[in-house]
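Atom set for the values below is all heavy atoms of this structure, side chains included, hydrogens, waters and symmetry mates excluded.
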Amino acid sequence: MSTRVNIATTESAAYKAMMGLEGYLQTISLNHIQKELIKIRASQINGCAFCLDMHTKDAIKYGETPQRIYLLNAWREALELYTEEEQVLLAMTEEITLISQKGLTEETYYKANQLFDEAQIAQIIMAIVTINGWNRIAISTHMPIAK
């Protein structure tokens, strides 16, 4: 792949703003595993190798099992491996990442509202929006996978 613009150095203010979102995500009520599941699932959908590499490693560091990571792309076929909260997080991640298909459906929002309060729902949406932004940056700029 060709070398492309490095946004961190070329547009450092924009990169700093994205890092501000990352700082915010460190303060939200979701635990590390929940956040990594969101990041991995969105990155699978978007085909972001850089982010998949980073977040699967991070998930393992936080205690996630390889089996749950391997099956994340087919989580609906392995519901017994994911909590009810995680299933809602994953459904929200898919619907928001694939926003042009149908968006966050009433059914999924209703389920989220049964398990999370408004602040948590807003936090989940921001976590999903943020990883989608990072995916687009990494893919557009051909960020190299760490070796």
Side-chain angles (χ1 to χ4, degrees), residues 6-143 145-146:
N6 181 328
I7 292 176
T9 56
T10 305
E11 285 295 328
S12 60
Y15 194 82
K16 185 176 178 182
M18 285 295 294
M19 291 306 293
L21 283 171
E22 281 302 318
Y24 156 77
L25 292 176
Q26 297 305 311
T27 70
I28 67 175
S29 62
L30 296 178
N31 65 44
H32 290 298
I33 296 293
Q34 290 170 325
K35 287 186 264 190
E36 295 305 324
L37 290 175
I38 288 169
K39 291 174 181 181
I40 295 167
R41 186 66 193 112
S43 299
Q44 287 174 332
I45 293 166
N46 291 323
C48 184
F50 178 87
C51 293
L52 279 167
D53 180 63
M54 176 191 301
H55 296 298
T56 55
K57 289 174 182 174
D58 287 347
I60 289 169
K61 180 179 73 176
Y62 292 128
E64 185 54 272
T65 67
Q67 181 186 31
R68 284 176 22 114
I69 293 171
Y70 300 150
L71 294 173
L72 192 56
N73 198 40
W75 66 270
R76 292 176 195 274
E77 299 297 319
L79 293 177
E80 66 277 4
L81 296 179
Y82 304 94
T83 68
E84 185 179 14
E85 290 85 4
E86 290 168 340
Q87 291 173 31
V88 170
L89 292 174
L90 293 169
M92 290 178 71
T93 300
E94 290 176 356
E95 292 176 8
I96 293 169
T97 299
L98 299 167
I99 196 83
S100 68
Q101 290 186 2
K102 57 186 170 184
L104 182 55
T105 63
E106 289 295 322
E107 177 185 355
T108 301
Y109 189 85
Y110 176 80
K111 289 177 184 176
N113 209 30
Q114 301 303 303
L115 298 169
F116 304 104
D117 63 31
E118 276 193 352
Q120 290 171 313
I121 292 171
Q123 293 168 3
I124 294 163
I125 291 170
M126 289 309 300
I128 297 164
V129 167
T130 302
I131 188 57
N132 273 278
W134 284 122
N135 288 167
R136 282 150 177 77
I137 290 168
I139 292 168
S140 298
T141 62
H142 293 173
M143 290 179 71
I145 299 168

What do the steps show when you test Leu37 against Glu64 for side chain to side chain contact (heavy atoms under 4.5 Å, CB included), and what is the final call?
CA-CA 9 Å; Leu37 290 175; Glu64 185 54 272; 3.7 Å; yes
Donor-acceptor pair, distance only, cut-off 3.5 Å: does the side chain of [X] make one with the backbone of [Y]?
X	Y	result
Ser140	Ile137	no
Gln87	Leu79	yes
Gln120	Ser29	no

Shortest non-hydrogen contact from [X] toward [Y]:
X	Y	value
Ile28	Leu25	CG1-O, 3.2 Å
Met126	Thr130	O-OG1, 2.7 Å
Ile33	Gly63	CD1-C, 4.1 Å
Ala59	Ile69	CB-CD1, 4.0 Å
Thr56	Asp53	OG1-O, 3.3 Å

Taking atom [atom1] of [X] as the centre, does the number of heavy atoms from other residues, nucleotides or ligands within less than 6.0 Å exceed 12?
X	atom1	answer
Glu11	CD	no
Gln114	CD	yes
Glu106	CD	no

Indicate yes or no: at least one non-hydrogen side-chain atom of Ile131 is less than 4.5 angstrom from one of Thr93.
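Of all side-chain heavy-atom pairs linking Thr93 with Ile131, none is under 4.5 Å.
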With a 4.5 Å heavy-atom cut-off, do Ile45 and Asn135 have their side chains touching?
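The answer is no; the side chains never approach within 4.5 Å.
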Let me confirm one number: the [atom1]-[atom2] distance from [X] to [Y], rounded to the nearest 0.5 Å.
X	Y	atom1	atom2	result
Glu85	Leu115	CD	CG	5.0 Å
Asn132	Ser43	CG	OG	8.0 Å
Met92	Leu104	CE	CG	5.0 Å
Ile38	Leu90	CD1	CG	8.0 Å
Glu36	Lys61	CD	NZ	8.0 Å
Leu89	Thr83	CG	OG1	7.5 Å

Side chain to side chain contact (heavy atoms under 4.5 Å, CB included) partner of Thr108, the single match among Glu94, Glu95, Lys102:
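Result: among Glu94, Glu95, Lys102, Glu95 is the only option passing the side chain to side chain contact (heavy atoms under 4.5 Å, CB included) with Thr108.
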Can you spot which of Arg76, Arg41, Arg68 makes a salt bridge (charged side-chain N to carboxylate O under 4.0 Å, His left out) with Glu86?
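It is Arg68; the other options fail the test.
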Not counting sequence neighbours, which residues clear salt bridge (Lys or Arg N to Asp or Glu O under 4.0 Å) with Lys35? List them please.
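Once residues adjacent in sequence are excluded, Lys35 has no partner under the salt bridge (Lys or Arg N to Asp or Glu O under 4.0 Å) criterion.
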Kindly state each residue pair satisfying ring-ring contact (aromatic ring centres under 6.0 Å, His included) with at least one member in residues 20-58, sequence neighbours excluded.
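Sorted pair list: His32-Tyr62.
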Show me the pairs that pass ring-ring contact (aromatic ring centres under 6.0 Å, His included) and involve residues 93-137, at least two apart or across chains.
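Non-adjacent pairs meeting ring-ring contact (aromatic ring centres under 6.0 Å, His included): Tyr15-Trp134.
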